Novice: 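I'd like to ask some things about the structure below.
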Amino acid sequence: MPEPEHSWQVYNLTPYRVLGASLHEALRELGVSEDEKLIEYIVAESPRPELGDYGLPIARFAKKHGLDLQVLVEKTTEKLKRYPHIAGVKRVGGYLNIVIDAAEASRAIFTAVIRDGENYGHVKTDTPLRIVVEHTSANPVHPLHIGHARNAALGDTLARLLRERGHRVQTRFYVDDMGRQVAVLVYGAKLLGEPRIPEGTKPDHWLGLLYALTHTLADIEELKKELGELKRGDNLDKYHEKLRELDELVAAASRLREKAPELFDKLAEAIRGRDPEKEIQEIMRSYEFGEDEEIVKLTRTIVEKCLKGFKQTLQRLGIGFDQWDWESDLVWSSLVRKIIERAKTTPYAITYKGALALNLQPLLKDPVIRQALGVPEGYEVPPLILQRSDGTTLYTTRDIAYSIKKFSDFNADKVYNVIAAEQRLPQLQVRLALIALGYRKEGLNMHHYAYEMVNLPGRKMSGRRGEYVALDELIEQAITRARQEVEKRSPHLPPEEKKKIAEAVGIAAIRYTLVSVSAPKPMTFDIEEALNFEQNSAPYILYTHARAANILAKARERGLQINIDNIDYTAANENPLRRKLVLQLLNYPYIFAKAADELKPELIVNYLNKLADTFNKWYTSGDSAINELDPGKRNYKLALVQAVKTVTANALRILGIKPLERM
RNA sequence: GGGCCCGUAGCUCAGCCAGGAUAGAGCGCCGGCCUCCUAAGCCGGUGGUCGGGGGUUCAAAUCCCCCCGGGCCCGCCA
């Protein structure tokens with residue numbers, strides 16, 4: 001990846017860096033040291049233009065270190081004055097404010113934009129690492145839905161951010177084919193005599209239906225059995241509770257029957273009078289030990305088909321993986337067995353409820369571990385059972401083996417697991433278990449990137465009952481809606497291009513929405529809102545990009561290429577909107593680096609939206625680039641448009657969104 | 001019972017970790033702007049006890065404590 005060296009110069013001119021470095025240096029000369037990052041955090045935009053462009057509450061540093069405020073201000077001002085793009089420094093109350101010379105700032109930005117092009121702004125880290133990002137990893141039993149989409153969008157964006165930041169990144173998808181869920185699906189398939197997936201049906205959708213049918217019918221059988229036993233007992237409350245549960249199940253079943261009456265009836269008949277729970281467990285056991293070749297083959301085939309559906313969906317979103325890891329491979333390759341053996345030799349091994357387990361509590365006495373894993377003092381972590389009484393392993397046990405594999409395969413320094421927040425405890429247990437087994441470095445460097453659930457307004461989702469909106473359907477809706485918009489707004493475009501634009505816009509709208517809410521917040525995904533193509537949406541950003549592209553295309557048509565040697569930079573300060581744009585453009589490299597280092601894709605989203613706002617205001621203000629008669633000023637404006645276009649395109653690419661030249 | 005996360009405008013969200021200047025967007029609602037580089041745009045208006053209470057501080061949406069509301073987790077499930 002080419003080094004965007006000119007972007008570094010811009011990075012170091014951002015208000016954060018300039019104020020941070022200057023104050024840091026001034027303090028040092030006054031004999032105190034202060035974390036430069038901490039100063040950078042505190043730098044803020046001025047609330048009112050008359051105060052300056054950016055400011056810093058400097059008084060608190062004077063107070064903190066017992067320094068004379070006036071002396072500190074003077075020293076810092078002296079340092080700031082060395083930067084050619086700092087036009088003024090003023091103190092207002094306890095604040096030190098700077099005024100930026102947009103002309104000088106533009107000079108640096110335009111040079112870097114032209115030289116670094118599509119790498120502009122993506123400054124490389126000083127400490128490149130090898131990083132694994134595991135994400136999505138959905139159970140291969142039904143199609144991906146909106147929750148998986150948040151995971152996928154976050155994971156893919158993180159991977160892109162880290163790559164652009166200069167890390168070596170590998171993405172992985174964990175195929176959980178040994179879980180109970182797959183066993184349920186396989187059970188259903190077996191009962192139906194290994195049915196073929198009908199032509200023209202997406203495999204994951206059909207399997208999702210079969211899964212829901214099997215799960216629901218099996219649950220009904222189980223519940224009936226439980227009720228039969230309760231009747232003879234005397235617990236009336238419990239009996240009525242179960243009865244209500246059964247009612248709900250039957251209701252869910254009848255909804256499912258409407259979707260596929262024949263399949264439903266066939267399966268219902270096949271399952272009647274059987275012991276599904278026992279048989280499903282037997283499938284799990286047999287698969288884990290690879291005893292029954294037929295089960296192995298059937299399971300593999302089914303999961304493979306489901307994954308094919310996943311890949312199709314993810315591909316539409318522009319998401320791919322470097323590696324697909326099958327849980328079963330891990331188990332059959334004896335990696336998991338080695339974990340068990342190794343665990344037995346550690347002092348943490350205990351027998352808990354008659355099963356082999358790890359007592360992880362003692363590890364929490366180590367403050368280094370607590371801190372690295374974010375565990376509060378006094379927290380109690382339950383023992384982690386590694387092996388069932390029947391000799392089979394548990395998901396978490398296999399996850400320990402997998403975690404080691406993720407590090408060793410890629411020789412990784414760090415692993416990020418993009419996994420739902422509800423898995424917090426098992427994720428913690430895995431990390432602690434790694435340490436207990438002697439993989440301290442791994443345990444401390446594996447991170448759980450937790451995200452909260454996605455709610456659909458007015459709906460509850462359940463994979464087991466087949467109640468969900470498949471991501472494929474959502475994508476279709478988005479594209480259809482985008483197509484309508486394109487037809488309405490750009491009827492003159494060739495149909496082929498209209499189709500492409502609609503695809504790009506629809507998908508971008510979904511991705512943008514999913515990463516715009518910070519991960520730890522539960523989010524409400526309102527389809528109507530995601531498909532509202534107005535401000536603060538991917539279509540709005542794409543439109544802004546297309547506008548910029550259009551200006552440059554029109555300029556070329558008229559033979560008005562940008563002449564870099566004849567740019568009148570004084571034009572920067574003539575117009576407040578041009579100035580504001582320059583100030584925002586200046587920050588891109590810094591925002592990018594922050595988003596990557598803090599794993600916050602939403603910073604990119606917020607930045608893009610603000611930049612687009614300013615650009616559109618400038619655009620409609622009548623300060624036309626093409627109609628500018630003065631060549632020096634015209635060149636300036638065109639270069640400004642070019643800078644906006646480049647930054648927008650680069651930032652969109654991080655979000656996995658392809659910029660459009662027109663729409 | 002214990003723990004974690006969330007609570008900011010009618011709705012969806014920034015800002016909180018690293019306390020500072022009159023709390024920001026978008027949607028919605030009301031009213032305007034297409035002989036002029038794309039109106040997926042722009043301009044104006046409307047709307048807030050930052051869940052509640054206490055504390056720390058020159059300064060609290062931000063830090064601490066208590067409480068309320070919502071979600072999640074505490075399985076030989078995943």
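Quantities reported herein were computed from a predicted structural model and do not represent experimental measurements.
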Novice: For a quick check of understanding: with a heavy-atom distance under 4.0 Å over all strands, which category does A/Met663 fall into, base, sugar-phosphate or nothing?
Specialist: base
Novice: How is A/Asn97 classified with respect to the nucleic acid when contacts are heavy atoms under 4.0 Å: base, sugar-phosphate, or nothing?
Specialist: base
Novice: Side chain to side chain contact (heavy atoms under 4.5 Å, CB included) for A/Thr648 and A/Ile541? Distances and angles first, verdict last.
Specialist: CA-CA 8 Å; A/Thr648 307; A/Ile541 310 294; 3.7 Å; yes
Novice: Does A/Tyr95 lie flat on the base of B/rA21, that is, centres under 5.5 Å apart and planes under 30° off?
Specialist: yes
Novice: Work out how far the P atom of B/rA25 is from that of B/rC43, and round it to whole angstrom.
Specialist: 11 Å
Novice: If I pick the C1' atom on B/rC16 and the same atom on B/rG51, what distance separates them, to the nearest angstrom?
Specialist: 16 Å
Novice: Taking atom P in both B/rG15 and B/rU8, what distance in whole Å separates the two?
Specialist: 14 Å
Novice: Using a heavy-atom cut-off of under 4.0 Å over every strand shown, decide if A/Pro522 touches base, sugar-phosphate, or nothing.
Specialist: sugar-phosphate
Novice: Compare side-chain N and O positions of A/Lys600 against OP1 and OP2 of B/rC17 and report whether any pair is under 4.0 Å apart.
Specialist: no
Novice: Taking the C1' atom of each, how far is B/rA21 from B/rG70, in whole Å?
Specialist: 35 Å
Novice: For the side chain of A/Glu534, counting heavy atoms from C-beta on, which of B/rA14, B/rA78, B/rG41 is nearest?
Specialist: B/rG41
Novice: Think A/Arg547 forms a cation-pi with A/Phe615, using NZ or CZ under 6.0 Å from the six-ring centre and within 45 degrees of its axis?
Specialist: no
Novice: Determine the interatomic distance between P on B/rU57 and the same-named atom on B/rG48; round to the nearest Å.
Specialist: 33 Å
Novice: Which of these nucleotides, B/rG41, B/rC13, B/rG3, is closest to any side-chain atom of A/Tyr540?
Specialist: B/rG41
Novice: Whole angstroms only, please: what is the CD-P distance between A/Gln535 and B/rC42?
Specialist: 4 Å
Novice: Does the cation-pi check pass for A/Arg481 over A/Phe533, that is, NZ or CZ under 6.0 Å from the six-membered ring centre and within 45° of its axis?
Specialist: yes
Novice: Using the C1' atom in both, what is the distance from B/rG10 to B/rC67, to the nearest Å?
Specialist: 27 Å
Novice: By the 4.0 Å heavy-atom rule, please label A/Val641 as base, sugar-phosphate, or nothing.
Specialist: nothing
Novice: In whole angstrom, give me the gap between the C1' atoms of B/rA23 and B/rC37.
Specialist: 37 Å
Novice: With no hydrogens and no angle check, is any side-chain donor or acceptor of A/Glu288 less than 3.5 Å from a backbone partner on A/Thr393?
Specialist: yes
Novice: Quote, to the nearest angstrom, the C1' distance that separates B/rC73 from B/rU12.
Specialist: 27 Å
Novice: Using distance alone, with no hydrogens and no angle criterion, decide if A/Asn417 and A/Tyr174 have a side-chain donor and acceptor under 3.5 Å apart.
Specialist: no
